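These notes are about the structure you will find just below.
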Number of protein chains: 2
Amino acid sequence: MSKRPTIADVARLAGVHKATASRALNPEADARVSAATARRVRTAAQELGFTPNTAARSLRTNRSSTVGVLIPDLTNPLFPPMARGIEEVLTRRGYTALLANTDNDQAKERTRFEALRGRQVDGFIVATAQREHALLAQAHAQGVPVVLLSRGTDLPMFPLVAADDATGMELAVRHLLELGHRSIAHLAGPQTLSTGAIRTRAFQQAVRAAGVAADRAPVLVSEAYSVRAGEQAARELLDRHPGSTAIVAGNDLIALGALHVLRERGLRCPQDVSLVGYNDMQFADEFQPPLTTVHVPHLELGAEAARLLLEQLERSDGQGAGQGLGRAGAGPAAVAVAKTVLLPVRLVVRDSTAAPQAGSEAG
Amino acid sequence: MSKRPTIADVARLAGVHKATASRALNPEADARVSAATARRVRTAAQELGFTPNTAARSLRTNRSSTVGVLIPDLTNPLFPPMARGIEEVLTRRGYTALLANTDNDQAKERTRFEALRGRQVDGFIVATAQREHALLAQAHAQGVPVVLLSRGTDLPMFPLVAADDATGMELAVRHLLELGHRSIAHLAGPQTLSTGAIRTRAFQQAVRAAGVAADRAPVLVSEAYSVRAGEQAARELLDRHPGSTAIVAGNDLIALGALHVLRERGLRCPQDVSLVGYNDMQFADEFQPPLTTVHVPHLELGAEAARLLLEQLERSDGQGAGQGLGRAGAGPAAVAVAKTVLLPVRLVVRDSTAAPQAGSEAG
DNA sequence: GTGAAAGCGCTAACAT
DNA sequence: ATGTTAGCGCTTTCAC
């Protein structure tokens, strides 16, 4: 366990001063060093296997090249691809992600957030946003750099990278309409989340635009994006609206719950009831039946969020306040509004949707 | 973005010296401080919202309370539960995990390993071990604290936390035998991984013990733990051993590949061929058909690995070399051997296994 | 273009 | 039980 070489060792071997070595090794300052010495220093560093002590650097620069990532639960198949997308762009730029699972628990989230701040993270990528979010409001007031991933807040405090859910939901509903369905129910996700609210609204607009009467397009809200909650909501739906020939779920987990309930009631999917999920999570194509769903590019979502955050960090590097903002409206009175990036989605048709059977399940 | 309070601020507010404040705030040293001042200091810290600058602490103590975690791929459903188990015990003790995906790529693994070392991680949890592993051998030589997770090396260099795969495989084979199968094939995982080798050996022992002839218990090696590789191996298996009435796969992903191939050949599972997976990964119960498999407690595996590493870190805290070793054999000539913890598994019977149909598929 | 010197915030000797 | 001092390894003024 021989001690690791420091920059002083490198400087000595290269025959220069510590400061010069530091400059030569740092891309931003190496213009101030002659090409020859720069090369000598880099060779020396290579030879010794020098890697800078990040703690020392961090202490000096007050930056850590580290980013906190708040996600609900790594065990939910949506998030691993996002995490990988984040990791990929972050590491390429010398940053490291610190992942924290919050389990949608506010107290836990706050604890982890504080702990990460204590570790001098330079910013956060937050995939746990509620439409109203005390912690985020506070973070915003304190000028902490944050990028929102997948879920937004009602106030556009922070840049957001999300899927184009309005379009996605429209695709889903249109698919069902084209198959001939006229009684389409929505098993909505939690309305406290932007994804839940946006998809629900888009569902309602799509059915209304097609001239489907409101009572033929009921919305039942699942209290969580989970199989269990999906089952509960699905039971209620089948009890109260037995005439529905199709269901579009707020996400794939809820759809899975619905699948269970259909099975438990002896209803066949898609013959008796068609079902559309949302997200196209891993293994959605292995379900029984393989799920028709809206594909969301989770990895790209994560990658883009990381890019946005880095951009913001770089910008606010020199000066203090910089919050990575775009401008809405024009003129001097314009309010600062954060940029939103919407990534395109597409419908993936598999076996859980089909034309409604004549007579069957008609309300 | 007012500057964060330092320990000097806390000391001033409490009317003591920095060093005293530091002692009062550090559990290990607070015995050397009077209860009264300790309380005063802690109150002051609370009031200011003081959180120590980890970079400074790290620089001074040469420890980071940070652990590197090497996994193949977060997107493989086995690893998120492990990561959560790790996170849970680590954060409880004030540590943070730095996750890195290696994609089973040696170059990538080395790069990430070095990067993490550069960040002064105190140790590693490695779930990417090959039976022969250059990087790990080297890490061992350098005295880097490492705990192996799930996959071991041939040489017991490091403590290992894994599932009791020998028993698990025996359970799987016995289940098939009890159903009446006498032609059981094994779609093995990569033999360069301890899990692949151990499960294969256990398979062979189990069938041999039951008196099944070797040619009635063929072993085909899948070149990766993946659906794709599983499909390839399964095709070869069905081509070369069409008489098999049951398959036990090296893991659930391989089993899934086998399922695809059975379907593509018009063979029904379990009526024509029974199939057993391994791991009981998330959603294995949603496959078509729901998969009979060996349940492995992945979260507990991760948690236990974290515990072992912390133990080792605590121990080697003061002195230098401590490698967290047990002793094998007795007497002065005994070789240092690292502890292995095997967690129990259990067979989960679902719908992919059944008694062989009389006559069908008989070789 | 390079060297000298200071200091980030913390903790571990060493006093007292 | 508490204060004093020094220094972890790095970057960044400031000189020259």
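Predicted, not measured: the structure shown is a model, and the values here were computed from it. Every chain is numbered from 1 and lettered A, B, ... according to where its sequence line falls, protein lines coming before strand lines. What you see below is based on every heavy atom in this structure, not just the backbone, and it leaves out hydrogens, waters and symmetry mates.
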*Quick one: Leu48(B) CG to dG9(C) C1', roughly how many Å, whole number?*
15 Å
*With respect to the phosphate group of dT2(C), does any side-chain polar atom (N or O) of Thr37(A) fall under 4.0 Å of OP1 or OP2?*
yes
*Could you work out which one of dC10(D), dC8(D), dT12(D) sits closest to the side chain of Leu59(B)?*
dC8(D)
_Distance-only donor-acceptor test, Arg60(A) side-chain atoms vs dG9(C) base atoms, 3.5 Å_ = no
*Salt bridge check: are Glu300(A) and Arg307(A) linked by an N-O gap of less than 4.0 Å?*
no
*Quick one: does Arg23(A) reach the base of dG3(C) with a side-chain donor-acceptor pair under 3.5 Å?*
yes
*When you measure from the side chain of Ala19(B), which nucleotide among dA12(C), dC10(C), dT11(D) comes out closest?*
dA12(C)
*Separation of Arg32(B) atom CZ from dA12(C) atom P, in whole Å?*
10 Å
*At under 4.0 Å, does any side-chain N or O of Arg57(A) touch on OP1 or OP2 of dT11(D)?*
yes
*Please report, rounded to the nearest Å, how far the C1' atom of dC8(C) is from the CG atom of Asp9(B).*
14 Å
*asked:* Check whether Asp122(A) reaches the backbone of Val67(A) with its side chain - one donor and one acceptor, N or O, closer than 3.5 Å.
replied: no
*Spacing of Arg12(A) atom CZ relative to dG3(C) atom C1', expressed in whole Å*: 16 Å
*asked:* Less than 4.0 angstrom from a charged side-chain N to a carboxylate O is my criterion; do Arg112(B) and Glu87(A) meet it?
replied: yes
_Below the 4.0 Å mark, does dT11(D) have OP1 or OP2 next to a side-chain nitrogen or oxygen of Ser22(A)?_
yes
*Rounded to whole angstroms, how far apart are CZ on Arg119(A) and C1' on dG9(C)?*
16 Å
*Identify, between Ala38(A) and Pro5(B), the residue whose nearest nucleotide on DNA chain C lies closer to the 5' end.*
Ala38(A)
*Separation of dG9(D) P from Asn62(B) CG (nearest whole Å)*: 7 Å
*Would you mind reading off the distance between Lys18(B) atom NZ and dA15(C) atom P, rounded to a whole angstrom?*
19 Å
*Would you say Thr61(A) reaches dT11(D)'s phosphate, i.e. side-chain N/O to OP1/OP2 under 4.0 Å?*
no
*Quick one: which of dG3(C), dC10(D), dT11(C) gets closest to the side chain of Asn53(A)?*
dC10(D)
_Does dG1(C) have OP1 or OP2 under 4.0 Å away from a side-chain N or O of Ser34(A)?_
no
*Determine, for Arg84(B) against Glu88(B), whether the closest basic-nitrogen to carboxylate-oxygen distance falls under 4.0 angstrom.*
no
_Can you tell me how the ring of Phe158(B) sits relative to the ring of His140(B), calling it parallel under 30°, perpendicular over 60° and tilted otherwise?_
perpendicular
*From the list dT11(C), dT12(D), dT4(D), which nucleotide is the closest neighbour of the side chain of Asn26(B)?*
dT11(C)
*Specify the separation, in whole Å, of atom CD of Glu28(A) and atom P of dT11(D).*
10 Å
